[in-house]
Structures are given as structure tokens and as C-alpha cells.
Amino acid sequence: MSRPQPATLVTHGGRPQGARVTVNPPVARTSTVVFDSMATLQKALAERTRHERGLLYGRKGSSTGDALEDVLTALEGGHRTRLFGSGLAAISCTLLACVRPGDHVLVIDSCYDPVRRLCAQYLEPMGVAVDFFRPDLSDFAAQIRPETRLVWAECPGTLLYEMCDLPALVALTRQHGHITVAVDNTWGSGLLYHPLALGADISVVAGTKYLVGHSDVMLGAVTTREPGAFHRVADMADLLGHSVSPDDAYLALRGVRTLTVRLRQHQANALTVAQWLQQQAAVRTVFYPALPEDPGHALWQRDCNGANGLVSIEFQPTVSEAQTHAFVNALQWFGIGHSWGGYESLALPMRPARALEGSDWPGRGQLVRLHIGLEDSGDLIADLAQALVLVSA
Ligand SMILES: *Cc1c(COP(=O)(O)O)cnc(C)c1O
């Protein structure tokens, strides 16, 4: 049989096997695991050092978590997945697993802002040098050093959805011996974008967003292409004591079952709203890679399987911050809040931090990031229309 499509993988992955079984895996709550003999315990310990599956102690994983990891590994097309208690925990553990004092890291300038803080407040004081590169890679090759050990990318970016030519980036790193390439794949969430297939070593997803999909669980996941990278990340996760509760793993698994249908609807709604926003006088730019006018459109068409519910707008430069706040306050169906990827619509004014002078974001007008949820798109447009009256000059 040919490799199953994502809709089949999320429906059948991680399910109990056997002659007479529940459809869903049980929530296996435990801290302590008991063994019938020292021989069994010693065998379990030895297997665990090699990161083989099997119960040992609650912190070391659960059968519910294993089921979720299996679905995510299949979606990402990787070797294995390690779960974390949040997306940021997955990111920080990956960074710590890949670098040592004296190493150099290259980070994409469009990265999730807390990554920048982690670099400035932890990695650099620890003796790891960090430089930033533009998503268009124009200054990437020139910054690679003999000590460069890790490239941290995020594609598309999650504020302005800058695309990065990942196969080109990987090809450049391969000319310099082995540099680990890790990608924050939260935008694609294992479905819309496949960094491992494009040559990256590690894909990191904040499961909190689309994987969970219902705004009720914090979760992170790291999937690697090869066993070597998996062992490095899993060793560091064990050292630092990362663990995920089986209840959270269960809720995430339940969310993942509908990932493909939810994202199809998020994309349909977001495209309708984005095209409508393009027609509005107060809106200067609509950032959505599925729009032909978006700067990343060609790469998005080449490398992505679809788009999600994230749409950002830049208002005309005449629109003030106070008007922008009034616009967001006036929205009825959009909550004001961080995060995204749940079933509901959200709106948030934002200011992308950019390390590079004159980076791709010129920062002219006020920016608002919208997450287009699963409401009726006509209702969302009517809501945006009544709120936009407040920013029309
Ligand atoms: C939200 C987010 C994270 C962090 O995930 P948490 O679960 O909130 O810690 C990381 N990267 C991106 C791109 C995100 O949007």
C-alpha cells in the first residue's frame, strides 16, 4: 500500500491493537510503575537508556504519551517524537541539546520572540555566540563559522509568515560539515509543512496551537529525522526532567484526530477574510502566504500543503495605536488574547521584535494579528466591517 495520507494517519495512528480493544488508548495516570522482579526492573532500565519504549517511572513517559508521539512522528515523517509540557520547553531543550559553550548558533530574524530572549538571557551569557539571519537568506552563508553548530529557523514565521527557502538553507549548511538544522514548525503543525522532508534534522511544534486545537492544553513536541538527534534531545529532556501528563497527552490526541478537517476550514475562512481585508481602504497590507500578493507566495506554493487561520494586517500609516486598540476592542467574535490554533477567533495588536537593522519588517503601520477561527466567515467579516469604521480616516 502507498504511504497513507495525513487524514488517515491522524485517524488510525496511536490506536490500541488487539482482538477486543477500546478505540482510544486509556489515560494511563501514574508516577510509580511496579515490577515483578529485579530482573524485569533491570531490563527496563537498560532499555530506557537506549530510549526504548516501556514503562519505568511516570516522568519517563506514559503509554498515552507514546500513542500521541506515534501520530506526530507519522505526520512529520520522522524517526521519533519527544513530548514536552509546552512549545517553549521543547524549544529550550532542543537548543540546550544542540549547543555547548564556545559554539555558534544562527537564528532566523523572524523567530518567535521568546527564542530571542532565550538566546540573549541564557545562551549568550553561557558562552554560546548567536547571530541572526534574514528569512530571505541574503546574509546567511556569510555568517556561517567553523563553530556554527545549530541553525534555528521558523518557517513560515508566525507574525508575518515570512517563507524561508529551507532546501537552500540546508544545502548551504551541508557545505560546512554537519550543522544541525532545527525548524519551529508550529505554523504547519506537522500537516501544512514538512521540514524533515525538506532536509531539516529537527522539527519542533507548539502543540498548544493546532495539534490540541481547543485552547485547553499546553504541549510541545520535537520530532527528529534520525536516531542521533532524537537521542540528544531525549537525553537532555530526561536530564532536565521534562514530562507531560497523560491527561494532557490524551486531550492532544483527541484534538489531533480532527486536525485535517479543522485546518481545511481554518484555511477556507481565513482566505475569505484575507481577500475581503485586501479590499478595505484602512488596510495597507494583508499578510497571508496563500494570497498571490504575499511575498512568500511562490515558496508557499512550492513547499506547503495549505495555509492556516493566521492572517496579519498592517493598517495605513495614518492609523494610530489608539485607533488600533479601539478596533480590537470593538470586535465581537474575536477574543483579545495570546496564542492561536484553537477553534475560536482572536485578535492581537503586535510589534515584531527584530534584531537586524532594516530587516524585512519596515514597521510603518500598526499591525494586528488575527486568528481566523471556525465561526461563519460571513459573521467574522461583518464583525470586522463594523470595527473597521473606527479606523477609517
Ligand atoms: C506559541 C508558540 C510557541 C510556544 O508554545 P507554548 O506552548 O506557548 O510554549 C513556539 N513557537 C511558536 C511559533 C508559537 O507560536
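In each ligand, atom 1 is the first atom listed, and ligand 1 is the first ligand listed. Values reported hereafter were calculated over all heavy atoms of this structure, with side chains retained and with hydrogens, waters and symmetry mates removed.
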A.B. asks: Hey, is Asp238 close enough to Arg59 for a salt bridge, meaning N to O under 4.0 Å?
C.D. replies: no
A.B. asks: Could you give me the CA-CA distance, side-chain angles and deciding distance for Arg53 and Glu69, then say whether salt bridge (charged side-chain N to carboxylate O under 4.0 Å, His left out) is met?
C.D. replies: CA-CA 11 Å; Arg53 287 272 178 75; Glu69 287 176 359; 3.2 Å; yes
A.B. asks: Please identify which atoms of ligand 1 are closer than 4.0 Å to at least one heavy atom of Ser86.
C.D. replies: 7 (O), 9 (O)
A.B. asks: Could you tell me whether ligand 1 has any atom less than 4.0 Å away from a heavy atom of Ile91?
C.D. replies: yes
A.B. asks: If you count the atoms of ligand 1 from 1 in the order shown, which ones are under 4.0 Å from a heavy atom of Lys209?
C.D. replies: 1 (C), 2 (C), 3 (C), 14 (C), 15 (O)
A.B. asks: Give a yes or no on whether a salt bridge exists between Asp235 and Arg82, defined as a side-chain N under 4.0 angstrom from a carboxylate O.
C.D. replies: no
A.B. asks: When Cys155 is tested against each of Pro135, Cys164, Pro195 for side chain to side chain contact (heavy atoms under 4.5 Å, CB included), which residue passes?
C.D. replies: Cys164
A.B. asks: Would you please indicate if the ring centroids of Trp340 and Tyr210 are separated by under 6.0 Å?
C.D. replies: yes
A.B. asks: Around atom 7 (O) of ligand 1, find the nearest protein heavy atom and jot down its residue, atom name and distance.
C.D. replies: Thr208 OG1, 2.6 Å
A.B. asks: Relative to each other, are the rings of Phe140 and Phe133 parallel, tilted or perpendicular (30° and 60° limits)?
C.D. replies: perpendicular
A.B. asks: Just heavy atoms, cut-off under 4.0 Å: does Asp184 contact ligand 1 by side chain, backbone, both, or neither?
C.D. replies: side chain
A.B. asks: Quick one about Ser377 and Thr272 (side-chain donor to acceptor, distance below 3.5 Å, no hydrogens or angles considered), yes or no?
C.D. replies: no
A.B. asks: Gly87 versus ligand 1: do any nitrogen or oxygen atoms come within less than 3.5 Å of each other?
C.D. replies: yes
A.B. asks: Determine whether the side chain, the backbone, both or neither of Trp340 has a heavy atom under 4.0 Å from any heavy atom of ligand 1.
C.D. replies: side chain
A.B. asks: Is there a polar contact between ligand 1 and Ala89, counting only N or O atoms under 3.5 Å apart?
C.D. replies: no
A.B. asks: Which of the numbered atoms in ligand 1 are under 4.0 angstrom from any heavy atom belonging to Met218?
C.D. replies: 6 (P), 7 (O), 8 (O)
A.B. asks: Quick one: which ligand 1 atoms are inside 4.0 Å of a heavy atom on Leu88?
C.D. replies: 4 (C), 5 (O), 6 (P), 9 (O)
A.B. asks: Could you tell me which atoms of ligand 1, counted from 1 in the order shown, lie closer than 4.0 angstrom to a heavy atom of Glu154?
C.D. replies: 13 (C)
